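Remember, predicted model here, so these are calculated numbers, not experimental data. Just so it is clear, the values below take in all heavy atoms, side chains as well, and ignore hydrogens, waters and symmetry mates.
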Amino acid sequence: MSALIFANPAILFGLIALPVIWWLLRLTPPRPKAEVFPPLRILATVLKREETPSKSPWWLTLLRMLLAAAVILAIADPVMNPRVNSLNANGPLVVVVDNGWATAADWERRVQTANLLIDDAEGADVPVSITFTADASHEAVPGTPAAARDKLTAASPKPLVPDRARAAQAVSEAMRGTRPGTLAILSDGMTAAGDNEAMSTFAALSPAEMRLIEGDGHSAVALTDAVNNAAAMSVTATRLSTASAQQLNVNALDAQGRALASGALRFDAGAATATAEITSPFELRNDFARLSIDGLATAGAAHLLDDGFKRRRVALLAGESGSDFQPLLQPLYYISRALLPYADVIQPNTADLAVAIPQILQGNPSAIILADVGRLPSETYAPLQRWIAQGGTLIRFAGPRLAAAPADDPLVPVILRQGERALGGAMSWSEPQSLADFPSFGPFAGMPRAADITVTRQVLAEPTPDLAERTWASLADGTPLVTEKEVEAGRIVLFHTSAEATWSNLPLSGNFVEMLRRLVQLARAGGAASSGGATDATAATLAPYRLLTADGILTTETGTARPIAIAANQVPVASFDHPPGLYGTEDGFTAVNLLAPKTVIARFDPTTAGRPLVREGLAGGQAVSLRPALFAAAFAMLILDSLVVLFMNGAFFRVPGRRRTAGNAAAVIAALAFGLFVFMPGQSQAQEMAPGAGAKPGDEQILERLDTTHLAYVTTGEQDVDRISEQGLEGLSQFLTYRTTLEPGAPVGLDITKDELSFYPIIYWPISATAPMPSQAAISRIDAYMRNGGTVLFDTRDQYSSLDGGGTTPNGERLQAILANIDIPPLEPTPTDHVLTRSFYLLTNFPGRYTGGPLWVEARQEAKNTGAQLSSSGDGVTPLLITGNDFAGAWAVDSQGGPVLPTVPPDEMQREYAYRSGVNIMMYMLTGNYKADQVHVPALLERLGQ
């Protein structure tokens, strides 16, 4: 192939005239001179003189010669790297055209190139076989050039990756042993699966000549993955041409095609992949419908998003808040860290579930997780059930509170047995149980079983006919570990073990993270009653809903696309039967994108054919006409020549310079700052800086409550009961002052409907059946107070507690009515080795005005099996104490310090032990599990020995 040809070579004979032009250009008229007009000098020059012409400067002559030569060459039309007909006429022309997604940007040039090859074949009178690698079917039998041209006209790019192996097999079968003359491959430049097989098949045809025709590959850029992180969306892309650095913009579009946000995609030189960050609010990111690269209209430059991409909002609630100093024991610690990479986690700012749950439901979360919440406020059940029915997902974790909850709880998926099964208990295993293989249905299908996960405690489900169908995970002995129940459009899921590592080591494993991630993905992205992707956990067959064209545009034309079966938690990839697009319905669909995540585009390597190839570029890219450049150069030289002639003829005489008056007005504005003083009344300024400035009514009382420890009691509205409570706490405060370093302030009576409760470490509540029943809002505030670490001492004052299953008294019935609306943990009489028995004094019982009744505390779930001395997962303080021994009646003193009420039976030592019980309770409230520390064991054992 020649490097340079002329379209009109006869014009080059005009170059012979250049010497004549040279001679003519040497003659120029004399340069005019400008002189002064003295009359005598004019007369002196009247005499006639012989004038001779002046020669043109050599450089001006050379300029004009170049101008003439440029015009002659431009008319001859020189062409660099022209295309010539060089087909081998010893066999049919075989044209294999890649018409995948990357060819959409330069498809017209590819059609032009193929047409030129067909024209050459027509001129050589050879048949033509044309095949398209991204078509579902092939007709590769050689035919007339006209038929090949018609097939080329009807062809179009497809939003698929080319399958060259299948096309090569079709060509091999169509040739039937005929040897091609020229085999031309119009490649998109990218490698694909089966390329080695395809090139081997082409080489087996033994063509007389093989050509590889490629484009520049600059438009071969594709989006491969999009991850919706906590703060931004991360988009991954890959490209073919890596020679230089490249920057592109990625736009996030909504369902109507409007750009909502964008991010910069920067490829370094030599890098085939890059990542862009699209920063936008969580709510806006959930409106993203697809991503596209600005300036590129291909299927690879578009990435479809479905409901699975959207980031879920998950609300977390716990039965108790735990301690910030022991985060690993907090119920929500492992849950929040497992979900943070995949969801937006929200937690209420109040522990009062009666207030927190309505606030959460207003935000319409995708899922709500309850960690060891047994009993909810009665007014929250109906809103939660409506939210679930409209599409919400409720995920619950077991714990002591759920084990003690009523069996008719409507927010659990299965019927639970009362209590829990523990290692070493009545319903126990001989050894911890491991997980069984996950069933083939449900969201956990396909997950590997972790052999190192063991469970030591769980809540049991009552056997029912459909229990196996609703079990998503179970233990090795067949007992359910995760169960679920569908409630209209939503579902309830229950983990039969706890959310922290006290009942099992599941929260410490990677399976816990994956299980939560899959459960959250089942939830609707927009919350209840929102439209989104398919949420069926099992494999579903979805019909094509919208398909992506090769130009990256969604269309309703589904063509020959077939329904796709998408298994749970699997990312579908486009194929000939399932081109990229949206599959499902308007109410829910799944996105099928062109390339699988982590795909990296690489160069097509044709050397595996083992035959020499001739590499060419697409038509319109290699052949370059020099005519426009030559005409432009000639015009530029003409302009330059004209300027030179005008200059030589004096057209640019310098105008006499005027005297320039430099107006040097030195306008210097000296702004002298003399220091501006702002005069403010000194007295008012002092008042503003005073410690009490801006104080609101009641602030002094709050500061006093925070500065001094006060014992508090609940005012019942009955004067006699409230008076004894105040006198009793006053007597205990005096005893604490005399016997300990604690100096409490005056007792405080609390109206639990409005007073702040968090100032007090313990609240004494005397139960009276004749007092008004507290409102549900007041009980919810007490529940929130206990969740936040406070303790309530309930005293029925009747020397009897009905918690052991016996009869009830009026005060006991009132206590049951109050506790029915509070999520309390399992209770037990104070064990002999409990911290309460040695927090200050060594005690064996806790008498008050009466003796013999037990003091009920939270059951030590961990101590039963591990030997630990903690009574809760927080700081070791039980959230409630229950007695019937009338502590306040034994502590009550009058203004003179004498006892108000006698003990029953009369015994001053009983009153002494009642005071000591109060001291132990207060020390236990203030120090928590401090006294359970092993450092005190020797001293305690020594005292016990005495």
Side-chain angles (χ1 to χ4, degrees), residues 225-235 252 261 277-288 305-318 327 330-349 356-357 359-371 373 384 387-388 390-397 442-444 447 472 482 484 489-495 499-500 506-507 509-535 537 568-569 571 588 590-591 597:
D225 198 10
V227 180
N228 203 354
N229 296 316
M233 181 182 64
S234 177
V235 183
E277 295 289 335
I278 300 180
T279 304
S280 60
F282 157 77
E283 292 79 7
L284 189 63
R285 276 182 280 139
N286 274 3
D287 289 336
F288 294 172
L305 306 173
D306 56 17
D307 188 63
F309 161 81
K310 296 179 180 179
R311 195 170 178 85
R312 272 67 170 167
R313 178 185 282 114
V314 181
L316 306 184
L317 294 171
Q330 290 184 358
L332 301 177
Y333 178 83
Y334 299 100
I335 296 177
S336 61
R337 276 149 185 79
L339 291 178
L340 280 176
Y342 311 106
D344 282 280
V345 176
I346 58 175
Q347 297 188 38
N349 53 10
I357 290 179
Q359 290 179 351
I360 288 174
L361 294 180
Q362 287 180 358
N364 197 20
S366 301
I368 296 177
I369 298 180
L370 303 180
V373 176
L384 270 174
W387 172 78
I388 295 172
Q390 293 171 359
T393 298
L394 178 66
I395 304 174
R396 303 190 68 174
F397 283 85
F444 308 143
M447 284 183 58
W472 282 349
V482 181
E484 67 89 27
R491 58 169 41 89
I492 302 173
V493 180
L494 172 64
F495 282 77
E500 19 75 35
L506 175 64
S509 68
N511 281 46
F512 186 72
V513 178
E514 181 63 16
M515 292 170 75
L516 281 181
R517 185 189 70 82
R518 295 191 179 197
L519 286 177
V520 170
Q521 286 299 110
L522 289 180
R524 295 180 182 267
S530 67
S531 62
T535 58
N569 302 292
V571 179
T590 296

**Fill in**
Taken to the nearest 0.5 Å, the spacing of F444 CZ from M515 CE works out to 4.0 Å

**Fill in**
Value for CD (Q347) from CG (L317), rounded to nearest 0.5 Å, stands at 8.5 Å

**Request:** Hey, could you give me the CD1/CG distance between I360 and L384, rounded to the nearest 0.5 Å?
**Result:** 9.0 Å

**Asked** What's the verdict on side chain to side chain contact (heavy atoms under 4.5 Å, CB included) for Y342 and V513, showing C-alpha distance, side-chain angles and the deciding distance?
**Response** CA-CA 10 Å; Y342 311 106; V513 178; 3.8 Å; yes

**Message:** Measuring from atom CG of L516 to atom CZ of R518, what distance do you get when rounded to the nearest 0.5 angstrom?
**Reply:** 12.0 Å

**Request:** Determine whether L339 and I369 make a side-chain contact, defined as any pair of heavy atoms from C-beta on separated by less than 4.5 Å.
**Result:** yes

**Item:** CA sep, side-chain torsions, deciding dist, call: L522, V493, side chain to side chain contact (heavy atoms under 4.5 Å, CB included)
**Value:** CA-CA 11 Å; L522 289 180; V493 180; over 6 Å; no

**Request:** Begin from the C-alpha positions of L361 and I368 and carry the test side chain to side chain contact (heavy atoms under 4.5 Å, CB included) through to its verdict.
**Result:** CA-CA 9 Å; L361 294 180; I368 296 177; 3.8 Å; yes

**Fill in**
CG of L332 to CG of L316, rounded to nearest 0.5 Å, is 5.5 Å

**Item:** Considering all heavy atoms, the nearest V520-A343 contact
**Value:** CG1-CB, 4.3 Å

**Asked** Are the side chain of R312 and the backbone of Q521 linked by a donor-acceptor contact shorter than 3.5 Å?
**Response** yes

**Asked** Within a strict 4.5 Å, meaning less than it, do heavy atoms of the L519 and T393 side chains meet?
**Response** no

**For the student: nearest non-hydrogen atoms of A261 and F288, plus distance** = CB-CZ, 4.0 Å

**Request:** Would you please test N286 and N228 for side chain to side chain contact (heavy atoms under 4.5 Å, CB included) and show each step?
**Result:** CA-CA 9 Å; N286 274 3; N228 203 354; 4.0 Å; yes

**Asked** What are the two closest non-hydrogen atoms of A499 and A371, and how far apart are they?
**Response** CB-CB, 4.1 Å

**Request:** Quickly, which of R311, R313, R285 forms a side chain to side chain donor-acceptor pair (under 3.5 Å) with D344? Name it, please.
**Result:** R311

**Heavy-atom side-chain contact between W387 and P365 under 4.5 Å** = yes

**Message:** Quick one: does any side-chain atom of D306 pair with a main-chain N or O of T590 as donor and acceptor, under 3.5 Å?
**Reply:** no

**Complete:** Rounded to the nearest 0.5 angstrom, the CD-CG distance for E484 and L394 is 12.5 Å

